[in-house]
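This report refers to the structure that appears directly beneath it.
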Amino acid sequence: MALSFCGNDRGSNAYSVDKGVLDNGCFVDALNLVPHVFLLFITFPILFIGWGSQSSKVQIHHNTWLHFPGHNLRWILIFTLLFVHVCEIAEGIVSNTQMESNHLHLFMPALMGFIAATTSVVYYHNIETANFPKLLLALFIYWILAFITKMIKLWKFAEVSLGVQHLRFCITALLVVLYGLLMAVEINVIRVRKYVFFANPQRVKPPEDLQDLGVRFLQPFVNLLSKATYWWMNPLIIGAHKRPIELKKIGKLPIAMRALTNYMRLKDSYEEQRKTEDPDKSPSIWKSMYRAFGGSILLSSTFRYMADLLGFAGPLCISGIVGHLDNSTEIDRTNKVNTLFKSNMIFGVYFMSSTELLQNTSVLAVLLFLALVLQRTFLQASYYVTIETGINLRGALLAMIYNKILRLSTSNMSMGEMTLGQINNLVAIETNQLMWFLFLCPNLWAMPVQIIMGVILLYYLLGNSALIGAGIILLLAPVQYLIATKLADTQKSTLDYSTDRLKKTTEILKGIKLLKLYAWDNIFCDRVEETREKELTSLKTFALYTSMSIFMNAAIPIAAVLATFVTHAYVEEVRLSPAKAFASLALFHILVTPLFLLSTVVRFAVKALVRYVTKSNKLSNPTLLHNIAQRVPTNGKVYWSNPSNVYTVAPKYCLLESHLKMLTALDNILNHLNGLYSVAYAAQKSWLLNATVEENITFGSPFNKQRYKAVIDACSLQPDIDLLPFGDQTEIGERGINLSGGQRQRICVARALYQNTNIVFLDDPFSALDIHLSDHLMQEGILKFLQDDKRTVVLVTHKLQYLIHADWIIAMKDGSVLREGTLKDIQTHDVKLYEHWKTLMNRQDQELEKETEMESQTTLERKTLRRAFYSREAKNQIDDEDEEEEVEEDDDDNMSTTTSRRSKIPWKMCCRYLSSGGFLMVFLMVSSKLAKHSVMVAIDYWLAAWTSSNPHCCFLFQMLSLHRSYVPVFIILCGAAIALCLITSLTVEFLGVAAATNLHHNLLNKIIHAPIRFFDVTPLGQILNRFSADTNIIDQHIPPTLESLTRSTLLCLSAIGVIAFVTPAFLIALVPLAVAFYFIQKYFRVASKDLQDLDDSTQLPLLCHFSETAEGLTTIRAFRHEARFKQRMLELTDTNNTAYLFLSAANRWLEVRTDYLGAVIVLTAAVTAIWTSSQSGLVGLGLTYALTVTNYLNWVVRNLADLEVQMAAVKKVNSFLSTESENYEGSMDVSQVPEDWPQHGEIKIQDLCVRYDTMLKPVLKHVNAHINPGQKVGICGRTGSGKSSLSLAFFNMVDVFEGKIVIDGIDICKLPPQTLRSRLSIILQDPVLFSGSIRLNLDPECTCTDDRLWEALEIAQLKNVVKALPGGLDAVVTEGGENFSVGQRQLFCLARAFVRKSSILIMDEATASIDMATENILQKVVMTAFADRTVVTIAHLVSSILEAEQVLVFASGTLVESDSAPNLLAQEDSLFSILVRTHK
C-alpha cells in the first residue's frame, strides 16, 4: 500500500480545497502539526546546546528544587495528554486499516503531538531545576497554538454533525480541554513569578530543607515522575553496590517528617479538640490522630481505590482479547467493514466509535499494559503514603510518650504501677503496632469494595455459577480468621517457652565453670533440652497452623474455580468460552488475596486498637506534680544557711527523695532564682548513659580539662580508665553493664562533683565501694574538692565513721526524724543513740581490718575488667582471622572483589540450613513443590483445551456432552492440586522445624562441651545472641521466607514456561527482560541489606534511651536536663525513622521496577500471541499466567533479600558449631576406676606444666609437690602467680602439656574428665545458684536421700533457714539465688560440696566475697566436717592459711616455697613472711 499523507483512495480528491481550506480534513490535520513542529524546533537546540549557568544563586546540593507553581498539576495534565495522544494514535492507525490506501494524516499529527508532549515535559523539568523561567515562554506559545489548532478541528467536526458517538470527536474535545488547562497553568506561573510582562520579577529561595546539606530524603522535593518511580533513589541503590550505606549517607529527614514537627501537629489537634469540645471531657487521641494525619490516609485510600479498580482491567482485557480471537473471522470482519464503511465516511476518511476501537486486540493489549503500569504506580503510591504517615505518627507518639515519661512520678515506677518492661513494650511494640494498623487502614475499606466488584464481574461473566465459587471463598474466610487467631495464640505460647529456655541457657552460661567442675554440664544441658522440647512442640503447632494458612490461601482459588466451572458445565446450557474461563480465573486470583488478608487485617486492627487504648490509659497515670501535692507537707521547708557546710543524713533514703520532690514542686521558684539554686545528684543505685565515660561525667556541661582531671583523681577513676581500650572515650554500654558496681558508682559521683552547682546530693555513695576508696572519696572528693568549691553537700550514708566531718546530722528512723544536731549535741543529749553508733563503728573498723588484709574489692574489680577486655580483644582477633580465611583476597584487593562479595547469595549457608532439615524433608519439599506447580499448569492447560474444544457442533446436546466429558479429568487434577498444596505447605514448615531442632541441639551441645578457655575469650552476650535472636530467626522467620521464595520463584518460572510454550517468540523478548531483572535484584539486595542493618542498629539506641530515661528520672530531674534528653530522643527517633523510610523507599523502588517489568512481559505475551494467531484458549492461558508474573516478580527479589539477611543467623550459629569440644574420652576406661576413688585423697604433682591454650605461654612451670591424705594445704601468691590455674589443673580444665597430677595412684589426665570431676569437690570465689529448688542446687543428679541433704544444710548452718521456707528442700530459688544473701549462697555452695562426700575439697578464694560471720562459719565447718578429707585452700587472705599443715607459695607460675606455715614464717626473708607482713 503506497504511503501518502492525505491518502490515495479511488474516486476521492484528498487534496481538493474547492469548498474551502478548512473544509479539507487533511489540511486541518496538517495544521495541527504546526505547533508540535514549532516546539521541537525551538526546544531541541536549547536542550542540546544549553543556556549557560543561569541557575539559582543559592547553593543547594541537588537539582530537585521545584520552583514553579502548579508543578504537580502540570505533570498530571501532561501524563493525561500523553495517554490521550496514545488513544489518538491507536484510533488513527485502526481507522487507517479501514481505508483503501494509507492516510498518514490520521495518526501522524497524533504521533508528533506525543513526541512534542514528551519533549515539553523534559524541557520544563530542565528549566525548572535551572530556575530560568523566561524560557517557559516557548511552552506558553506552544500551548496557545495547540489549543487554537485543536479548536479549529473541533469546530469543523461540530459543523458536520460529528458527536460523542465518534471517538475522534471525543479525543479532540479532550485535547482542547487539556491544552486549555495547560495554558492556564502557564498563565498562573507568569502571574506568580512575574518573569515576563512585569517590571519586578519575583525572587524565590529554595526550601530550608534543600539548603541543609544533611537532608538526603528527597521524595517530597522531586518531580512527579521521580516520585512515582523513585528515580531519585538510583544513586543510593547503585552506589551501595560499591560502598556500604552508612548513616551519614542517608542524612536527615525533611523538617515536615521530623518527630518534633509531627508531635506539634498531633498536640495542636489535641489542644484544639479540648477547646472546641466539652472542656471537662478528656480529648480523644483517635480524633486528634485523624485531624493531624487524616488527609494523608484519605489520599492513600484514594490511590488504593484507583489501583484496585484498575486491577480489574486485566481480566476484562483478557476477556476481550481472547473473545475477539475466538469469535471473529475474516468474513465477519469484511462484512462489518463493508456495512459501516459508507455510513462512517466524513472528510473522506473513516470515523469509528469507541466500541470498535476496543474490539481491536492490539489496542486491548496496549490498554492492558497501560492499566497495569497505572495500577502498580497507584498501588505503590498508596503503600508509600501510608508508610510515611505511619512513621510520622510513630514519631509523634514516641515524643508524646517520652514527654509523659518525663512527667511520671517516681512512685509510679517504684511501686510497679508503670514498669520498665511496660515502657519498653509501649515503645517497641505498641507504637509499631499502631503504625502497622495505619499501614493496613486503606485495606479495611478498599478490600470490601474490591470483593464486591469482583463478585459482580464474575456474575456478569458466568451467571449464577459464579456465585457458587464466590460463596466457597466467603464461607472459608472465617476458617482463615480462626487459623490466624490460633497462630497468634501459639506464637505467644512459643514466646513464653523461648523466654524460659533462654533464662535457663543464661544461667548455664553464667555458671558454666561450676557445672564443668562438678560434671553437671550434661544434667543442666538436659534441663534446657526439656524446655526446648516444649518450645518445639509449640513450634510444631505453629508450623501446622502456618501450613494450614498457606494451604487455605493456595487451595481456596482452586476449589472455587472447580466448583464454578463444574456447576457451569452442568447447569448452564451454553459453552464455557476461553474468554470467560480465563477472565474468571484471573478474577478468582484477585478475589482470594483481599479475602485472605481482610480477616488478618480486621484481627490485627481490633488487637491494635484494644491494646493501644489500654496502654494509653496506663500513661494517663497521675504525673509527678499531682503526686507531690499529696505527699509533701504544705509547711515543708528546705534551706541551707551556709553553703560551706556539709549536711549529712543517716541512715535512710526517704528524706532525700522528699527533698527532690520539693525541688521539683518548686519549679517556679527555681526558675525565679535563675540558676543560683542548681542541684547535682548521685543516686544510690548507679545510673549511667549508654555513652562514653567522659560524656557520663560531663553530662552535657562544657568540658573543662583541669576540672575534669581533678574530679577523676578525687574519685580514683584514672586506674580504671587506663584499663579501658579507648580510655575515657570508651562506650560503657547500656546501664554500664560492662563495669562493676563500684566503678559505676564512682562515675555517678564524679558526675555530681563535675557539675558547677550550688548543692550536691549524694545518696549513699560508699555503698558499692571498698574502705580504701570510700576514704579517698571522702577526703579528696567531698572534704577537699566540694569544700574548695564552697558547695553545700547533702550526704545520705551508713558509714558512721564519717559523722565526725558533718556540720549537722539528721538521724532518721521509719520515715521520721529521730534526732538532729552536731555530733557533740547528740553525744550529750542522746547517749543511747551515740553508744549504738559506737558499736556500729567498731564493727565497721573490723571490716576495715579485714579489707586491709585481703586483696581489695577495687583490685578484684580492676582484674575482672582487665580480663573482660583482654578476652574481648582476643575474640575480636580470632574473628578477624576467621574473616580473613573466609574471604580470600589478594594484597591488592580492589573494589570489584568487595562488590562481588557483598552481592553474592550465601548458597553455602542455604545448603547448611537445608541439610540440617534432613535429606528426606528436602526431597519431599522439592518434589512436592515441583509436582504441585506442574499439576497447576496441567489444570490451566486442561481448561484451555476444554474451553477451546469443538465450538461449532451441530446440536446443542452434542456440544454440551462433549464439554462435560472434560469435567472428570478437571476434578481429578484439581483434587490432586489441593492435596499437593497441603503437602507442600506442611513439608516446608516441618523442614524448618527439623532444621531448627538440629541446629539448636548441635549449638547447645557444642557450647556446653566447649573448653573453659572458649568462655574466657567469647563475650557472654555474643553467645546468648546465638540462642536468642539468631535461634528466633531460624525458628520462626526462615521457614515462611523460604516457602514464599520457592512459591514465588516457581510461579514465575512456570508462568514464563507457559507463555514460551504458547508463543515461542516471547523467548526473544525474555532475554533483555531477564538481564534487566538480574541487575535490579542484584543492586536491590545489597542496598536492602545495608538499610535493614541501619534500621536495626538505629532502633536499639532509641529503645535504650527510653529505658535509660525511665531508670534515671530522678537524676535527670535533679540536674534539670529534661530538655536535653528530649532533644536526644527526637534525634534518635528521626535517625531511626530516616533508616526505615529509606528502607521503605528502596522496597518501593524495587516493586515499581519489577511491576513495570511484569507489565512489559504481559504486553509482550499479548502482542506475540495476537500476531502469531495462536489458539484462543492458549492465548487466555498465557495472558493469565503473565498477570501472575506481575504479582510475584517483586516477591522473588524481596524474599531473596530477606533470606540473605536471615541466613546470617545460620552463619553465626554455624561459626560456633566449628568450636573444638573438650576431650571427654580419656585413655583410661571408666570401669578401671574404683567406685570409691579417690579413697584417701593423696595428691602428687610431678613436674607439672600448664597453659590455657597451645598459642599461649605456660602459666605453671615444672611444679612438684606432694599432698598427704587428709592434709590441710594452703596455696598463696601474688595476683597472676598461678594459684587458680593449679585449681583448674586438678580438674583437667587446662592444657597439661608436661608432667602429671596423680591422685591416689591414678594419673588424672588419663581419666575421662566427667569421671574425674564427679569425684572431686570445689567451692568457688563467687557463689553460684540456679533457679529451681534447693534440692536441685544441692543434688541435681538426685542420688542423695533427704536426710543426707538436711545433714549438709545443718553442717552449713542453713537448716533453720531452709525449714522456715515454704516447701523446705523444694523451696524456690530465684534466678542467681537473689532471694538469699551472698553469705547464704556461699554456705549453700559449702553444703553442695559436703553432699558430694569427696575425699578432696578445693577452696578457690571461697571467702573473698563474704562477710566475717559467714567466713567464720565456713572455716569452722572445714575444720570439723572435712577433718578427714584433703582440703586445698587457695587463699585470698594470707591470714586464713596460717594454721595450714602445708603452704605452697607461687610466684610467676613457679612453686617457690613449700613447707608448714610456722616454718615459713620463721624465715624472715621468705616470700610467705613478706606476704603476711604486707597484708597486715
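In what follows, residues are counted from 1 in the order of the sequence shown.
- The two atoms that bring L1102 and L1132 nearest to each other are CD1-CB, 3.9 Å, heavy atoms only.
- Panel note: side chain K1283, backbone G1277; a donor-acceptor pair is recorded below 3.5 Å.
- Summarising the geometry, atom CD1 belonging to I712 is positioned 12.5 Å from atom CZ belonging to R707; distances are rounded to the nearest 0.5 Å.
- Rounding to the nearest 0.5 angstrom, the gap separating the CH2 atom in W687 from the CG atom in L1113 is 9.0 Å.
- Between H1105 and Y402, the ring planes lie parallel to each other; the angle is under 30°, not in the 30° to 60° tilted range.
- Shown here for M1129 and A399, the closest heavy-atom pair between the two residues is CE-CA, 3.5 Å.
- Side-chain contact between L689 and N696 is present, with heavy atoms from C-beta onward closer than 4.5 Å.
- Rounding to the nearest 0.5 angstrom, the gap separating the CD1 atom in I1116 from the OG1 atom in T1109 is 4.5 Å.
- Side chain to side chain, D722 and Q718 meet the donor-acceptor criterion of an N or O pair below 3.5 Å.
- Taken from CG in L786 to CZ in R791, the straight-line distance is 5.0 Å, to the nearest 0.5 Å.
- Closest non-hydrogen pair, T698 versus Q755, comes out as O-NE2, 2.9 Å.
- Between the side chain of H776 and the main chain of D713, a donor-acceptor pair closer than 3.5 Å is present.
- For an aromatic pair to be called close, the ring centres must be under 6.0 Å apart, and F1119 with Y681 fails this.
- Formation of a donor-acceptor pair under 3.5 Å by the D763 side chain with backbone atoms of A682 is not found in this model.
- Looking at every heavy atom in both residues, N704 comes nearest to Y754 through N-OH, 2.7 Å.
- Taking CD1 of I405 as the reference point, atom OG of S1107 lies at 9.5 Å (rounded to 0.5 Å).
- The CG atom of N403 sits 11.0 Å away from the CG atom of L398 when rounded to the nearest 0.5 Å.
- Using modelled atom types, no side-chain atom of R1385 and backbone atom of V1328 make a donor-acceptor pair closer than 3.5 Å.
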Q. So I747 and L717, side chain to side chain contact (heavy atoms under 4.5 Å, CB included) or not? Walk me through it.
A. CA-CA 8 Å; I747 290 174; L717 277 168; 3.9 Å; yes
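- Atom CZ of R1128 has 12 or fewer neighbouring heavy atoms from other residues, nucleotides or ligands inside a 6.0 Å radius.
- Salt-bridge check for K510 with E507: failed, with every basic side-chain N at 4.0 Å or more from each acidic carboxylate O.
- Relative to the six-membered ring of F699, R751 meets both conditions, a distance below 6.0 Å and an angle of at most 45° to the axis.
- If you check the side chains of Q743 and D720, you find a donor sitting under 3.5 Å from an acceptor.
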Q | CA sep, side-chain torsions, deciding dist, call: L777, V749, side chain to side chain contact (heavy atoms under 4.5 Å, CB included) | A | CA-CA 9 Å; L777 180 60; V749 173; 3.8 Å; yes
